[in-house]
Amino acid sequence: MRRTILGICTLLALMLSVMSAYSAETVKISRDDTALDLTATTDVHTQRGNAFQTSTAPDADGIVRRIEVRASSDRHSGDWAEFSLANVSDQQIDRLIVAPHFRLAGSGLFWPDLGSERIVSITPSEGFALDRVPSDEADVFHITLNPGAIVTFVAELSSPDLPQLYLWEPEAYKDTINSFTLYKGIVLGIAGLLAVFLTILFVVKGTSVLPATAALAWAVLAYICVDFGFLSKLVQTTPTDERIWRAGTEITLAAGLVIFLFTYLNLNRWHTNLSFATLAWIVGLGILSAFAVYDPVIATGIARFSFAATVIAGTGLIAYLGLSRFDRAIMLIPTWVLIICWLFGAWLTVTGQLSNDIVQPALGGGLVLIVLLIGFTVMQHAFAGGGAHQGLFSDLERQSLALTGSGDIVWDWDVSRDRIVTMPDVSRQLGLSPGSLFGPARNWLPRIHPDDRDRFRTTLDVVLEHRRGRLNHQFRIRAEDGHYHWLALRARPVVGSDGEVIRCVGTLIDVTEQKSSEERLLHDAVHDNLTGLPNRELFVDRLDAIIALASAEDSVRPTIFAIDIDRFKQVNDELGISAGDTILLTIARRLKRLLKPQDTLARISGDQFGLILLSEQEPSKVAAFAENINKAIMVPINFGQKEIILTASIGLVTWVDEMASPLELVKDAELAMYQAKRVGGNRIEPYRPAFRAAGADKLQIESDLRRALERNELTMVYQPIVDIESAEIGGFEALMRWEHPRKGNIPPSEFIPIAESSDLIVDLGMYALQQACEDIASWYRALGQIPVFMSVNLSSAQLLRNDLYNDIRSVLTKTGCKPSMIKMELTESVVMHNPEQAARVLARLKDLGLQLALDDFGTGHSSLSYLTRFPFDTIKIDQSLVRATNEKQLVLLRSIIAMARDLEMDIVAEGVETEEDAEELAELGCEYAQSFLFGPPIGANSVLKLLREHFPLM
């Protein structure tokens with residue numbers, strides 16, 4: 001019994017000793033595991049000799065075996081590693097054991113691990129030694145685990161360090177390598193292009209900062225070539241060679257940063273000792289590169305310390321020089337912040353606090369990004385000129401005195417002291433206390449409009465940086481009363497002997513009125529003068545932008561409305577123009593209340609509105625919105641003692657075709673609106689393709705009119721304008737006639753409105769002007785200097801064109817017609833379309849020598865201010881006033897004629913029916929008359945015969 005107990009105790013002791021001999025943790029593997037880190041579960045044994053004995057992990061039955069593995073070479077260092085794997089699945093599993101040669105994470109700072117071969121071979125407790133998979137960057141072995149198998153692996157190590165050991169699923173490992181290869185290729189390509197580009201810039205422009213930047217770029221390229229394993233693909237290298245290359249590139253990187261910092265900040269001009277210290281630093285790094293051949297580990301540690309020291313020293317220098325307002329130091333701050341962040345990340349990586357596999361390639365990409373940002377920074381300085389301009393400042397002083405005498409404000413910025421002075425003090429003009437804006441440039445920033453501050457600051461910085469050029473900048477500055485004044489600053493820099501800007505002197509002019517006029521002109525060009533709504537041009541432009549957005553986004557589906565007020569002309573005739581304007585304003589306000597911010601309302605013509613609806617998409621809601629428009633218009637309007645109830649004809653079309661243009665959509669909505677008016681008005685009519693047939697005749701006429709211009713089917717006739725007292729011909733009005741090949745004579749009242757609604761009116765107007773100029777010039781050549789003028793009508797489309805002046809001058813030159821022979825006629829409605837533009841254009845035409853006539857006076861707004869605001873020579877009284885039927889109209893006619901005579905303007909009465917009317921007009925003081933009583937419109941040849949009778953040759 002005693003022997004039995006002793007045997008059991010001996011067996012238990014043996015089992016405990018076997019279990020204690022195996023300390024590695026068994027890693028369980030399933031088919032779903034794609035990558036497992038075996039580093040923590042792998043035991044590394046150093047200096048254990050050429051034969052390594054260990055106990056296997058217990059198998060499924062709990063049996064532990066003892067195995068022995070011998071080294072493949074007698075020179076083996078005696079370093080071994082062991083780990084065990086268990087296949088817990090019911091299928092065979094293939095995996096790769098991967099040990100990277102180099103890993104930046106955890107490599108160490110001062111005595112870093114620069115990489116080497118890690119594993120010579122791996123022996124499993126069952127089967128044969130594992131097969132090695134070829135790889136330049138890691139030791140890779142292929143293993144196969146049977147279902148339920150528990151295998152212990154013993155690895156023969158090349159060195160005692162095993163930074164990482166991974167178990168990879170083969171396809172996952174391949175995909176990971178490929179993805180990293182793509183990323184590394186992109187980063188290498190960018191780095192290579194950047195280095196070549198900076199080198200080319202250095203060749204083109206030999207500024208010292210460019211070779212320093214190019215050297216840094218090549219150093220970064222060399223570093224990532226080694227770090228990404230690209231070097232081994234170019235040249236045959238051994239692990240020892242790669243350690244030397246890695247040490248050399250890190251030394252080069254540290255030296256490149258020192259050289260760049262010294263060159264970019266121009267440290268040689270700040271203190272001589274900085275030049276000596278930098279030179280000694282670079283020489284030391286050069287010696288270190290030679291030492292790297294013997295001990296790359298120590299050389300790399302010193303290089304890393306040098307890089308960190310350079311960043312720390314650079315941070316202090318940049319902070320000091322930046323506070324001293326050295327522009328280069330200020331511009332380098334963003335780049336240096338990125339370098340500091342990169343250095344911090346690198347420190348966390350080499351010390352092992354960041355160990356993700358992505359960190360190492362990310363740091364390489366970060367270096368390329370840093371060089372890219374440095375390249376952008378230095379290019380601003382590389383091409384900046386400068387030079388010493390002596391004696392210039394005294395000239396500027398004299399110019400300042402002259403400008404002060406002229407009344408302009410002299411703006412003087414002493415850059416070295418950062419002090420701005422204006423003479424006289426601009427603070428008084430802004431209502432501020434005297435001298436409020438004297439002092440540093442930053443004192444101006446709080447007063448400058450928020451939208452202009454960055455541009456103001458940037459403009460000054462650019463002048464200081466380029467050290468040449470001129471300041472030509474406009475900005476807004478707030479006065480004491482809260483209003484903003486527009487100021488125009490024009491100045492030039494004064495460069496000192498050291499090549500830096502020492503002063504900036506120029507003029508400061510208040511251009512508030514000019515800016516207000518420009519803004520008003522711009523607003524009036526695209527907005528209706530009465531309602532302030534967008535006009536037709538702006539409406540179509542916004543619709544074009546919305547259609548482009550709708551083509552890209554399915555959620556945008558605009559609906560276009562054409563809204564016309566029924567019988568609005570009758571309201572105008574009964575109540576007058578002022579009442580009509582008030583009603584239009586009321587309707588515009590009502591319609592605007594129905595809109596949401598994304599919708600657009602415009603006044604397209606007299607009593608027609610256009611609307612773009614974006615806030616509603618569903619057909620039922622669009623229909624409800626149209627009903628709301630109709631109801632809003634029908635609400636009674638109280639004007640004076642009358643209650644006015646209006647209705648509207650509404651046409652609408654929804655955008656569905658990506659090929660539809662804005663003009664086509666507007667025309668479709670107008671066709672639907674015209675259809676609503678044709679059936680009685682006060683209705684909503686969605687667009688249908690059948691409506692196009694109703695407008696086919698109009699389109700046909702437009703098409704035929706275009707061909708008529710090309711085929712010279714249009715002719716000009718001239719109606720005499722007669723001096724009432726002498727019955728002599730004073731001039732002619734040019735009128736256009738169209739003899740259609742099939743339809744016969746088409747009256748101007750039919751084709752002129754069609755031309756005005758398209759772009760043909762400009763061509764028709766220029767055709768009429770050229771033909772009239774040619775004819776009157778031929779009459780003058782045939783008869784001599786006859787006292788006859790030619791009146792030619794000018795449309796609103798022509799008046800709004802910027803090149804009208806040049807076109808008219810070209811026609812006069814081409815035809816040989818004198819400007820004094822031509823009188824341009826405009827109606828009040830043409831002038832009202834855009835008064836500001838009309839005033840400018842008419843003034844230029846007047847300067848050209850043309851005469852100007854206001855046609856149909858008394859039918860429009862009849863604003864008497866036109867007669868003094870615009871340079872008219874003649875007014876043509878409309879026949880509705882000439883044929884006075886009551887005493888009030890006769891009084892009005894007398895007043896108009898008397899006023900025109902007092903203004904020394906010629907008067908032409910239109911539509912005189914009887915000789916008695918002509919005699920009465922002559923008694924009132926009217927000079928000219930034009931009607932069928934004095935002659936119908938006749939052709940050019942007939943005019944020549946008529947003139948020969950009245951003005952026979954002497």
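Every heavy atom of this structure was used, including side-chain atoms; hydrogens, water molecules and symmetry mates were not.
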For a quick check under 3.5 Å, do [X] and [Y] share a side-chain donor-acceptor pair by atom type?
X      : Y      : result
Thr39  : Gln164 : no
Thr199 : Trp218 : yes
Ser89  : Asn87  : yes
Asp94  : Thr144 : yes
Thr34  : Trp168 : no
Arg66  : Ser55  : yes

Close side-chain approach of [X] to [Y], heavy-atom, < 4.5 Å:
X      : Y      : answer
Ile340 : Ile312 : no
Val140 : Tyr173 : yes
Val98  : Leu165 : no
Thr315 : Trp336 : yes
Ile333 : Ile318 : yes
Thr41  : Thr26  : no
Ile251 : Ile302 : no
Phe52  : His45  : yes

How many angstroms lie between [atom1] in [X] and [atom2] in [Y], if you round to the nearest 0.5 Å?
X      : Y      : atom1 : atom2 : value
Leu96  : Asp131 : CG    : CG    : 11.0 Å
Leu369 : Ile190 : CG    : CD1   : 9.5 Å
Trp281 : Ile259 : CH2   : CD1   : 12.0 Å
Leu338 : Ile370 : CG    : CD1   : 4.5 Å
Ile122 : Ile97  : CD1   : CD1   : 4.0 Å
Leu167 : Thr42  : CG    : OG1   : 10.0 Å

- Between Leu343 and Phe307, is a side chain to side chain contact (heavy atoms under 4.5 Å, CB included) present by the stated rule, with each step listed? CA-CA 9 Å; Leu343 181 65; Phe307 190 95; 3.9 Å; yes
N/O donor-acceptor pair under 3.5 Å between [X] side chain and [Y] backbone:
X      : Y      : result
Thr310 : Ser306 : yes
Ser125 : Thr152 : yes
Arg31  : Gln92  : yes
Asp139 : Arg118 : yes
Ser84  : Val151 : no
Asp37  : Tyr166 : no
Arg132 : Phe141 : no
Asp175 : Ala172 : no
Thr46  : Asp79  : no

Subject >> Chi angles and distances behind the side chain to side chain contact (heavy atoms under 4.5 Å, CB included) call for Leu145, Arg95 >> reply: CA-CA 8 Å; Leu145 296 177; Arg95 290 291 185 270; 5.8 Å; no
So, for [X] and [Y], which heavy atoms are closest and what is the spacing to 0.1 Å?
X      : Y      : value
Arg453 : Pro446 : NH2-O, 3.3 Å
Leu36  : Lys28  : CD1-O, 4.4 Å
Asn50  : Trp80  : O-CZ2, 3.6 Å
Leu216 : Gly256 : CD1-C, 3.7 Å
Ser30  : Ile93  : C-CD1, 3.9 Å

request  = May I ask you to check whether over 12 heavy atoms, not counting those of Arg455, lie within 6.0 Å of atom CZ?
outcome  =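 Count over threshold, so yes.
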- request: Taking side-chain hydrogen bond (donor to acceptor under 3.5 Å, both in side chains) as the test, write out the residues that go with Ser158, two or more places apart.
  value: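 Once residues adjacent in sequence are excluded, Ser158 has no partner under the side-chain hydrogen bond (donor to acceptor under 3.5 Å, both in side chains) criterion.
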- Residues in side-chain hydrogen bond (donor to acceptor under 3.5 Å, both in side chains) contact with Ser121, at least two apart in sequence or another chain: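 Checked Ser121 against side-chain hydrogen bond (donor to acceptor under 3.5 Å, both in side chains); matches are Glu156.
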Candidate pair Leu257 and Val311, rule side chain to side chain contact (heavy atoms under 4.5 Å, CB included), full reasoning: CA-CA 8 Å; Leu257 186 63; Val311 174; 3.9 Å; yes
* Would you mind checking if Arg304 and Glu250 are paired as a salt bridge, meaning a charged N to carboxylate O distance below 4.0 Å? =>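 A salt bridge links Glu250 with Arg304.
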| Which residues satisfy the salt bridge (Lys or Arg N to Asp or Glu O under 4.0 Å) test with Asp454, sequence neighbours excluded? |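 Salt bridge (Lys or Arg N to Asp or Glu O under 4.0 Å) check on Asp454 returns Arg457.
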Checklist line | Working for side chain to side chain contact (heavy atoms under 4.5 Å, CB included), residues Val27 and Phe83 | finding: CA-CA 8 Å; Val27 178; Phe83 57 94; over 6 Å; no
